[in-house]
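The structure displayed is predicted, hence computed values, not measured ones.
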Amino acid sequence: MGEVPETHTGWTFLTNHARVLAAISENQNTRIRDIAARCRLTERAVQKIISDLEQGGYLTHTRQGRSNEYRIEPGTILRHPADAGLSVADLLSLLDQHDAERDTRPLSPRSAPAHEQDTRTDR
């Protein structure tokens, strides 16, 4: 049995549904176990989210032997009225752009992890 991921309390900017969708967009053949680890969710939570996304028309899957191949429906419009006109493809594009920029920019003192920041006061 897998280890239960570290939980997060409080609010976040991205929902777990968005995190799962982004993980699937990176690898359509990914396993639920791998999605759970990446998103820091339980496998059961990921299964429920995938079911929600499928019921909402955002995602489909086909069985490939013992695994699943997922297909994101890129033209599906996001659910919240404030996001009217924004599609799943638009959201995933924004997240991909953010990841690409994060991976290529050098760490500044402000963005570096706390244990790597220079905290000297004798300058």
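Applying the side-chain contact (heavy atoms from CB on, under 4.5 Å) criterion to D96, with sequence neighbours excluded, gives no partner residue. In this structure, R66 has no side chain to side chain donor-acceptor pair (under 3.5 Å) partners at least two apart in sequence or on a different chain. With sequence neighbours excluded, the residues forming a side-chain contact (heavy atoms from CB on, under 4.5 Å) with I77 are S87, listed by chain and number. Partners of T76 under the side-chain contact (heavy atoms from CB on, under 4.5 Å) rule, at least two apart in sequence or in another chain, are Y58, E73, V88. Listed by chain and residue number, Q55 satisfy the side-chain contact (heavy atoms from CB on, under 4.5 Å) test with S51 (two or more places apart in sequence, or in another chain). Every residue meeting the side chain to side chain donor-acceptor pair (under 3.5 Å) condition with E69, not counting sequence neighbours, appears here in chain and number order: Q64.
Between the N27 side chain and the N29 main chain, a donor and an acceptor come within less than 3.5 Å of each other. Here the side chain of S25 pairs a donor or acceptor atom with the backbone of A22 at under 3.5 angstrom.
Residues in residues 19-34 take part in these salt bridge (charged side-chain N to carboxylate O under 4.0 Å, His left out) pairs, two or more places apart or across chains: E26-R38, R31-D34, R33-E43. Note on residues 45-56: pairs passing salt bridge (charged side-chain N to carboxylate O under 4.0 Å, His left out), not counting sequence neighbours, are K48-D52. Every pair passing ring-ring contact (aromatic ring centres under 6.0 Å, His included) that includes a residue from residues 12-38 is listed here, sequence neighbours excluded: W11-F13.
L41 is listed as a side-chain neighbour of V20, based on a closest heavy-atom distance under 4.5 Å. Taking the side chain as every heavy atom from C-beta outward, Q47 and I32 approach each other to under 4.5 Å. Between I35 and I50 there is a side-chain heavy-atom pair separated by less than 4.5 Å.
Nearest heavy atom pair, residue P74 against residue R71, reads CD-NH1, 4.4 Å.
Residue R63 places its CZ atom among more than 12 non-hydrogen atoms of other residues, nucleotides or ligands, all under 6.0 Å distant.
Note on L53: it does not cluster hydrophobically with L94, by side-chain heavy-atom contacts below 4.5 Å among ILVMFWY residues.
Y70 contributes atom OH, which lies 6.5 Å from atom NE2 of H61 (distance to the nearest 0.5 angstrom).
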> After noting the C-alpha distance and the side-chain angles of L91 and L95, does the key distance pass the side-chain contact (heavy atoms from CB on, under 4.5 Å) rule?
Replying inline: CA-CA 6 Å; L91 172 65; L95 293 174; 4.3 Å; yes
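Between L21 and the choices T15, I72, L14, the side chain to side chain contact (heavy atoms under 4.5 Å, CB included) rule is met once, by I72.
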